[in-house]
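Shown next, in structure tokens, is the structure this report addresses.
Naming convention: chains lettered A, B, ... in sequence-line order (proteins, then strands); numbering from 1 in each chain.
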Amino acid sequence: MGKRSWISDAVIIVVLLLIAGRAINLPVALFLVSGQSMYPVLKTGDLVVGEAVYLTDYHVGDIVVWYRTFSYGVIHEVVDIRDGTVITKGVNNPAPDPPVPSSYVKYKVVMHIPRHIWLPSLVFFAGLYAYYRRRDILEAFKSPEPGALTVAGWILAFFILLDMAVIFLSTVYYDSYRVTIQPPSVSLRSVRLLKDRPTVEVVYNVNGTHITSVENCSVGAGKTLYECSTISYTNNTVYAGLPRQAIIDALKKPGSVPTVILHLFISFKGGNVTGEYSVIIPWRPLDIETLDGRVRIVNPNLLPVNVTIQIQYYAVRNGETVFVSKTTPKQITISPDTTKTIDIPRKGSFARVVVVYPYKPGSTRIIQEVVRVDFK
Amino acid sequence: MYIVLTPLYSFRGVVSGEAAVAWYRLEMNGEKIHLSTLDTIRILAFPLYTLGFFSITIGILGSLLVVMKPRLKQVIMEMNLAAALSAIIYSALIVQLGRLIAREASHLDIDLVYTNNAGLVNFGQTEVYKHITTKLLEPGPVMLITTAYLILTMVTIILSREKRV
């Protein structure tokens, strides 16, 4: 009985030392896993045995125990070690933990005891211990000495030990909400006018959500509000077609940079965004150039441009330039972002091609450009 | 047991659900969320469940046993005394757990209505409702309840001894 009692007492002392290990930074300590952050590697209620980092080295991929204060700690996997800091992450968490100084890392997990093993074992060994000490226990319960409070002492000791064990074994991750809760967020990445068509592309940085529909899309030009001509979207991008009249209104507005305001009301998963985005409508003169007896006119704008073309032919005789003939002014329309090539029939020595087009849509002012085409 | 099992905070909005010491059920945009702190609180509260269960059992069984087997009265009294003293010791734990839950509840009070370069972003807000039971986790009421428990136990012991004399 004496030897048995000594063995059971020794086991209890070892377990208590393991439980209290981290408080005094013993070479080995026992920890209780709480939470889902390491699921399925570690489950709530599992026990892990940690070996002090002053005895062993740890690397990326190892599970370590770090704690900032006695109670503030974490059992997570190392994902990065750099510049004296360690970044850990719960394998089931969406984001890594904030970096902590490497001095916070106290133990490397070297053994894992699942709860379905240690819990029944504990009950078994506790029963075994109670069995060995049954006479003492029964004696205390059968005829307690009045005033000695033996039973009360036993029970009080049990509850104190239980409390201490749970506190010593558990680590609390106070800021866990930061890495487990990822609230959806939306911010604007870019707004740009597509080059090939009058469409505004609005791109958002989205996190944890996506566009589900575009509830409202309108374009303000001056005091008038127009419905978008087309609407389409992907997970994070909206394409809003600008109505022709909105562009014309913007370009017509005198004395300022031609601008339209795009009003969007977009539904995202879990929320919505109401935004107003200013879009500058560029208007550039036509690109006119000659190439191999032809004139090439490029319309870089969003609207078609009506162009009047007249060809004047000249001949060079005895060093003098003589007017030969001219064509009737001809009107053509050049579509947005397209190139029109005009063949110039050969007549005389060269031709002057007069291109006339409005300064801006709706403007009474005109631009007149003359290019020369030489006939070899 | 009542304090441990009753919801302390309710959440509506972005985060919805309820949180008690012994359990929590939280969702964010319809998806269940787990918080390590609340998981740990459940484990830290394990001694409280044990003590609660022990106190209730002793309270019920003790009353029956005292009538049926009067010789066990001394043991039952001592058990009650131990439970009352343990409750005093656990009062610090109870208060601390209450503070931990309050801290987590404040973190879940998420406001996702803000303005940035995208415009007015509205992903809703969370409304946090504090149940009356949170008051029971404050130091005053906890000390009052545990001290009252101890005093009543002591009075019972003293009265039972007087009767025996």
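In Phe53(B), the CZ atom is not crowded: 12 or fewer heavy atoms of neighbouring residues, nucleotides or ligands sit closer than 6.0 Å. Other residues, nucleotides and ligands contribute more than 12 heavy atoms inside 6.0 Å of the CD1 atom of Ile117(A). At most 12 non-hydrogen atoms from other residues, nucleotides or ligands lie less than 6.0 angstrom from CD1 of Ile132(B). For Phe265(A), the CZ atom sits in a packed shell: over 12 heavy atoms of surrounding residues, nucleotides or ligands are nearer than 6.0 Å. For Phe54(B), the CZ atom counts as densely surrounded, since its 6.0 Å shell holds more than 12 non-hydrogen atoms of other residues, nucleotides or ligands.
Contact annotation for Val74(A): neither backbone nor side-chain heavy atoms come within less than 4.5 Å of a heavy atom of chain B. Residue contact with chain B, scored on non-hydrogen atoms closer than 4.5 Å, involves the side chain of Thr44(A) exclusively. With a 4.5 Å cut-off on non-hydrogen atoms, Leu100(B) touches chain A through its side chain but not through its backbone. Only the side chain of Ile110(B) has a heavy atom closer than 4.5 Å to any heavy atom of chain A. Only the side chain of Leu32(A) comes within less than 4.5 Å of a heavy atom in chain B; its backbone stays farther off. Contact annotation for Leu35(B): both backbone and side-chain heavy atoms come within less than 4.5 Å of a heavy atom of chain A. Looking at Arg103(B), only its side chain comes within 4.5 Å of chain A, counting heavy atoms on both sides.
Residues Gln36(A) and Asp39(B) come closest through the heavy atom pair N-OD2, 3.5 Å. Residues Ile43(B) and Ser170(A) approach most closely at CG2-OG, 3.6 Å, considering heavy atoms. When all heavy atoms are compared, the tightest approach of Thr50(B) to Leu162(A) is OG1-CD2, 3.6 Å. Residues Ala152(A) and Ala82(B) come closest through the heavy atom pair O-CB, 3.5 Å. When all heavy atoms of Thr171(A) and Thr40(B) are compared, the closest pair comes out as O-CG2, 3.3 Å.
The shortest distance between side-chain heavy atoms of Val273(A) and Leu120(B) does not fall below 4.5 Å. Within the 4.5 Å cutoff, side-chain heavy atoms of Leu156(A) are placed close to those of Ser86(B). At a threshold of 4.5 Å between non-hydrogen side-chain atoms, the residues Val14(B) and Pro183(A) do not count as touching. Between Pro184(A) and Met28(B), the closest side-chain pair of non-hydrogen atoms falls below 4.5 Å. The side-chain heavy atoms of Phe268(A) and Val121(B), taken from C-beta on, include no pair separated by under 4.5 Å. Considering only heavy atoms from C-beta on, Phe123(B) comes within 4.5 Å of Thr209(A) through its side chain.
Residue Ser34(A) holds its OG atom at 14.0 Å from CZ of Phe46(B), rounded to the nearest 0.5 Å. The structure places OG of Ser36(B) at 10.5 Å from CE of Met38(A), a figure rounded to the nearest 0.5 Å. If you take OH on Tyr39(A) and NE2 on His34(B), they are separated by 9.5 Å, rounding to the nearest 0.5 Å.
Chosen from Leu38(B), Ile89(B), Leu51(B), the residue pairing most often with chain A at heavy-atom distances under 4.5 Å is Leu51(B). For chain A, the option among Leu44(B), Val15(B), Asn80(B), Thr115(B) with the highest count of heavy-atom pairs below 4.5 Å is Leu44(B).
Without hydrogens or angle criteria, Asn122(B) side chain to Gly271(A) main chain gives no donor-acceptor distance under 3.5 Å. Looking at Tyr90(B), its side chain does come within 3.5 Å of a backbone N or O of Phe159(A) through a donor-acceptor pair. When atom types are taken as modelled, the side chain of Asn116(B) and the backbone of Val186(A) share a donor-acceptor pair closer than 3.5 angstrom.
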